[in-house]
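Take a look at the structure set out below.
Keep in mind the model is a prediction, meaning the values are calculated, not measured. Chain letters run A, B, ... following the sequence lines, proteins first, then strands; residues in each count from 1.
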Number of protein chains: 2
Amino acid sequence: MTLVLTLQPDDPTPPYQQVRRQLADLITAGLLGPGDRLPPLRQLAGDLGVAVGTVGRAYRELEQEGLLTSRRGGGTRVAAHARAPEGGRRQLLEGMAAEFVARARTLGFTDEEIIVALGRQLPS
Amino acid sequence: MTLVLTLQPDDPTPPYQQVRRQLADLITAGLLGPGDRLPPLRQLAGDLGVAVGTVGRAYRELEQEGLLTSRRGGGTRVAAHARAPEGGRRQLLEGMAAEFVARARTLGFTDEEIIVALGRQLPS
DNA sequence: GGCTTTGTGTCAAGCCCTCGGCACAAGCTA
DNA sequence: TAGCTTGTGCCGAGGGCTTGACACAAAGCC
């Protein structure tokens, strides 16, 4: 599949962190599996409008975490043992859901309001 | 009420941005209304473990947006005309919900999976 | 073998953010 | 009036991030 990575300019999060996080999530969610090849440094950097070193840093850190394997001339691929540890996919989604609900509650929204808002997004 | 502001150390977002966003959300959500007083600079800075100038910057930017009014010696309060423009409270929540659902979908989760995950967080 | 691709490393420069401290001005309070 | 509180401004120092450029090494391709 064609990798869809985006950068949000108004987001104060450093670009290399945005790339790093998105790739990690894609792997944990299973959209990127072991052996899948990532875009070359220069190509991804060009698409995102950032310097080569910026994307390089994201790749490097993910490799240090064991999620990617990089070889000169061979490109960067998802590591063989990068599969989420037993239900990581579900945990990722539930973490996102818990985070969203918690934030809404601290802002004073009731559970009913939250459910109504979600109903507009999901064909229940 | 006692203001509950928190800083996430592992979050690469600059502290002054975190404070600024949380306060803006609290006002939009209606938990902070016109005339409500915010903690003094030095107190909030001490609680969060940041420098005075850091919190000061958050206050200053929010004042420039018209959400706060600051006076030397008088403290900082929510501006009189700071109420969200007609349904801002609802829009805030729906924006959060839309963002959450969109992110989950781009990670390959089906609507059913999303609903199930939310069901664990909300007593439906 | 020769060329291209690709990841890695370095470097200087600049910008943004934070810190800690200090001084100052304006409002509030006793 | 006198003192405290509070927001504002400035400063130098330090750290993190990005940029742009260049060189290098290893793998793949013809």
task = Keeping the roles fixed (side chain from Gln22(B), backbone from Thr6(B)), state whether a donor-acceptor pair exists under 3.5 Å.
result = yes

request  = May I ask you to decide if Gln91(A)'s main-chain N or O and Glu94(A)'s side chain share a donor-acceptor pair within less than 3.5 Å?
outcome  = no

Report yes if at least one side-chain N or O of [X] is closer than 4.0 Å to OP1 or OP2 of [N]; otherwise report no.
X        : N       : answer
Thr54(A) : dC17(D) : no
Thr76(B) : dG7(D)  : yes
Arg60(A) : dG9(C)  : yes

Among [options], the one nearest [X] by side-chain distance:
X        : options                   : value
Pro40(B) : dT6(D), dC17(D), dT6(C)   : dT6(D)
Pro14(A) : dC17(D), dG20(C), dG20(D) : dC17(D)
Arg72(B) : dG7(C), dT19(D), dT6(D)   : dT6(D)
Ser70(B) : dT8(D), dT8(C), dC17(C)   : dT8(D)

query = In terms of the nearest nucleotide of DNA chain C, which residue is placed more toward the 5' end: Gly53(B) or Gly73(A)?
reply = Gly73(A)

query = Of Arg42(A) and Pro15(B), whose nearest nucleotide on DNA chain C comes first from the 5' end?
reply = Arg42(A)

Nucleotide [N], atom [atom2] - distance to [atom1] of [X] in whole Å:
X        : N       : atom1 : atom2 : result
Arg57(B) : dC19(C) : CZ    : C1'   : 14 Å
Arg77(A) : dA27(D) : CZ    : C1'   : 11 Å
Leu41(B) : dG7(D)  : CG    : P     : 4 Å
Gln64(A) : dG7(C)  : CD    : P     : 16 Å
Arg37(B) : dT5(D)  : CZ    : C1'   : 8 Å
Gln17(A) : dC16(C) : CD    : C1'   : 16 Å
Gln43(A) : dG7(C)  : CD    : C1'   : 14 Å
Tyr16(A) : dG7(C)  : OH    : P     : 19 Å

task = Count the heavy atoms belonging to other residues, nucleotides or ligands that lie under 6.0 Å from CD of Glu99(B), then report whether that count exceeds 12.
result = no

request  = Measure the CG-CZ distance between Leu93(A) and Arg120(B) for me, rounded to the nearest 0.5 Å.
outcome  = 9.5 Å

ask   = Between Gln121(B) and Val101(A), which heavy-atom pair has the shortest distance, and what is it?
value = CB-CG2, 3.8 Å

ask   = Quick one: on DNA chain D, does Gly74(A) or Thr13(A) contact a more 5' nucleotide (nearest heavy atom)?
value = Thr13(A)

request  = Report which part of the nucleic acid Gly75(B) touches: base, sugar-phosphate, or nothing (heavy-atom distance under 4.0 Å, all strands).
outcome  = sugar-phosphate

